Amino acid sequence: MTEHETPPGSNFITTIIEADLKANKNDGRLATRFPPEPNGYLHIGHAKSICLNFGVAKTYNGTCNLRFDDTNPTKEDVEYVDAIMADVRWLGFDWDDRLHYASDYFEQLYDFAVQLIRTGNAYVDDLNADEIRQHRGTLTEPGTNSPWRSRSVEENLDLFQRMRAGEFEDGARVLRARIDMGHPNLIMRDPTLYRIRKTSHHRTGDTWCIYPMYDFTHCLSDSIEGITHSLCTLEFENNRPLYDWVLDHVAAPCHPQQIEFARLNLSYTVLSKRKLIQLVDEGHVNGWDDPRLPTICGLRRRGCTPEALRNFCERIGLAKRDSVVGVALLEYSIREDLNKRAPRVMGVLRPLKVVIENYPAGQVDELEAVNNPEDPDAGVRTVPFSREIYIERDDFMENPPKKFFRLGPGREVRLRYAFFVTCTDVIKHEKTGEVVELRCTYDPSTRGGNAPDGRKVKATLHWVSAAHAVDAEVRLYDRLFSKANPDEKEAGKTYKDFLNPDALEALRGCKLEPCLADAGPGFFCQFERMGYFCVDAKDSKPGALVFNRTVTLRDAWAKLKKKS
RNA sequence: UGGGGGAUCGUCUAAUGGUAGGACAGCGGACUCUGACUCCGUCAAUCAAGGUUCGAAUCCUUGUCCCUCAGCCA
């Protein structure tokens with residue numbers, strides 16, 4: 001890094017934090033929080049927020065709380081709470097004893113609401129949802145006051161207490177802040193603070209039948225926890241005046257600063273909770289952890305590492321403008337990490353049988369192979385070679401074009417770590433004409449992969465001995481959508497019309513090196529020349545292995561092919 | 001058409017009145033028992049028009065375009 005480069009992780013928020021710390025604001029303390037609502041699974045957009053909040057806490061010696069924003073019992077569930085905690089941990093972050101729930105503050109929140117009533121800053125409204133909407137006005141016209149807006153403090157207190165006691169039905173009344181029905185910001189036109197929901201809450205059970213709204217809950221929860229910097233996404237910018245208003249009108253312990261940043265958008269996928277739920281519920285994918293999904297559990301199952309995801313989050317930066325990060329950057333981050341750590345192994349995905357005619361039947365050579373050229377400590381292993389092997393179908397062409405270096409009739413190539421072989425005959429299906437088998441000869445003097453006479457060969461192929469091969473299913477994943485921005489409006493179409501039907505291709509009868517026979521969940525590797533793969537944590541069984549392709553290798557040949 | 005935000009290489013992101021920089025992608029090359037990795041080179045941007053200034057991405061004016069808000073969701 002030269003002196004002109006900006007240090008990684010530096011952005012407009014860290015600039016603010018550094019200034020605040022320097023000015024000894026909040027007594028030089030930094031406290032952030034990650035506040036998910038437990039109504040869905042975390043996705044890569046949340047990863048950005050998690051890395052931000054936990055990340056700044058770590059680098060500036062502060063703390064970051066995990067807080068569940070669980071104020072809507074009709075949508076939330078413990079299933080999500082557990083999954084969210086697992087995902088945050090997997091990403092590599094720890095909240096120690098700072099696990100909180102907004103629902104833990106319900107009693108305090110109720111007291112704050114009473115304070116607002118006592119000071120004339122909140123009132124119980126008998127209008128129903130429809131009527132409230134009608135009174136709200138529009139973007140250009142002011143709203144009108146509710147007829148219930150000027151009830152006495154005593155009456156409001158009594159009514160609010162009876163709301164809590166369960167005397168009224170859902171929707172019968174709400175508690176509203178008394179701000180200004182003519183406010184140019186619609187959020188400030190007497191926002192609802194509490195609504196009646198006679199629904200069991202996943203943590204408080206039936207203790208409550210009134211539940212506080214986000215705008216009332218979030219700022220006060222932040223304040224109760226002594227948060228200094230409350231980081232959220234851009235769509236909450238409109239809510240900031242209300243965040244500040246609430247804290248200014250009750251005896252709040254402190255007044256955190258809300259700062260908004262742009263949420264993550266990723267090309268060729270969708271990141272809205274609503275759409276993700278739809279894809280899962282309508283069966284376009286197989287559950288929340290489908291490896292095609294940008295959910296954290298989906299990425300994990302696909303074979304993405306926490307390190308790769310964290311590096312990605314750092315690389316994308318942070319700003320206030322809307323943006324769409326190219327999925328290529330995610331793929332780059334994954335390759336970068338896996339290249340260092342993934343053991344190399346040979347796996348033939350689309351097998352083509354090859355018989356080495358001058359190799360004695362029944363003979364087996366044990367050849368030495370390097371486990372990871374990027375990591376000398378990974379050591380070596382032994383790979384069996386025999387008369388019948390499999391190579392990749394794509395590694396042979398009967399009529400190779402100019403720049404195709406691989407095997408063809410009469411050509412010599414190297415079998416990795418093994419021998420030079422020359423193709424002597426091509427056997428085709430008598431009816432379809434499809435190439436079904438190759439006949440080759442090998443040069444015994446090239447054992448290990450080098451010719452004593454120094455002759456070179458233009459290609460090195462991966463291979464697996466037929467007699468020793470382990471069979472497996474390999475699932476090839478590609479981008480979920482065929483369009484970079486599936487949300488882009490197109491006449492008569494929705495994002496679902498752009499789902500990529502080839503996002504999953506399952507190959508059966510793939511031939512893997514025998515050392516993979518016992519690979520279990522958590523195992524990942526590189527199939528040389530093919531990509532990075534991992535054992536599927538759900539469907540793989542001993543004797544019936546299932547591998548997922550995490551990401552392909554960069555492929556110069558594929559690019560060349562595409563051009564012509 | 002009210003309020004609140006935003007606009008820098010194809011994509012993300014720096015530069016806070018003083019050399020428009022980095023990463024990804026692309027292109028070209030070197031190396032190579034992975035057409036991988038690595039290395040080198042290269043292409044490429046300040047929304048527009050005025051103004052202030054020795055000097056403007058940055059300050060001022062006017063305009064353009066984009067996002068966001070009318071849940072008893074978060």
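For clarity, every value in this text was computed on a predicted model and none was experimentally measured. We name chains A, B, ... by the order of the sequence lines, and we start the count at 1 in each one.
- Remark: side-chain polar atoms of A/Glu131 are paired, donor with acceptor, to backbone N or O of A/Asn128 under 3.5 angstrom.
- Judged by atom type and distance alone, A/Arg344 reaches the base of B/U34 through a side-chain donor-acceptor pair under 3.5 Å.
- Here A/Gly171 lies in heavy-atom contact (under 4.0 Å) with a base.
- Residue A/Val370 is out of contact with every strand shown, counting any heavy-atom pair closer than 4.0 Å.
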(Q) Base contacts versus sugar-phosphate-only contacts with protein, heavy atoms under 4.0 Å: please encode nucleotides 64-70 of chain B as B, S and - from 5' to 3'. (A) ---SSBB

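- Ring geometry for A/Phe527 against A/Phe547 counts as tilted: the plane angle lies between 30° and 60°, on a 0 to 90° scale.
- Between the base of B/G35 and the side chain of A/Arg406 there is a donor-acceptor pair shorter than 3.5 Å.
- Here A/Leu127 lies in heavy-atom contact (under 4.0 Å) with a base.
- Looking at RNA chain B, the stems built from 3 or more consecutive Watson-Crick or G-U wobble pairs, each pair with its key distances under 3.5 Å, are B:2-7 with B:64-69, B:10-13 with B:21-24, B:26-30 with B:38-42, B:47-51 with B:59-63.
- For A/Tyr332 and B/C24, the shortest distance from a side-chain N or O to OP1 or OP2 is below 4.0 Å.
- The base of B/U34 lies close enough to the side chain of A/Gln526 for a donor and an acceptor atom to sit less than 3.5 Å apart.
- Remark: A/Arg176 is not positioned above the aromatic ring of A/Tyr123, lacking an NZ or CZ atom under 6.0 angstrom from the ring centre and at most 45 degrees off the axis.
- Ring geometry for A/Tyr194 versus A/Phe160: interplanar angle over 60°, hence perpendicular rather than tilted (30 to 60°).
- Side-chain contact check for A/Tyr41 and A/Glu79: at least one donor-acceptor pair (N or O, by modelled atom type) lies under 3.5 Å.
- Residue contacts shown for A/Thr217 are absent, as no nucleic acid heavy atom lies under 4.0 Å away.
- Checking side-chain atoms of A/Lys273 against main-chain N and O of A/Gly40 turns up no donor-acceptor pair under 3.5 Å.
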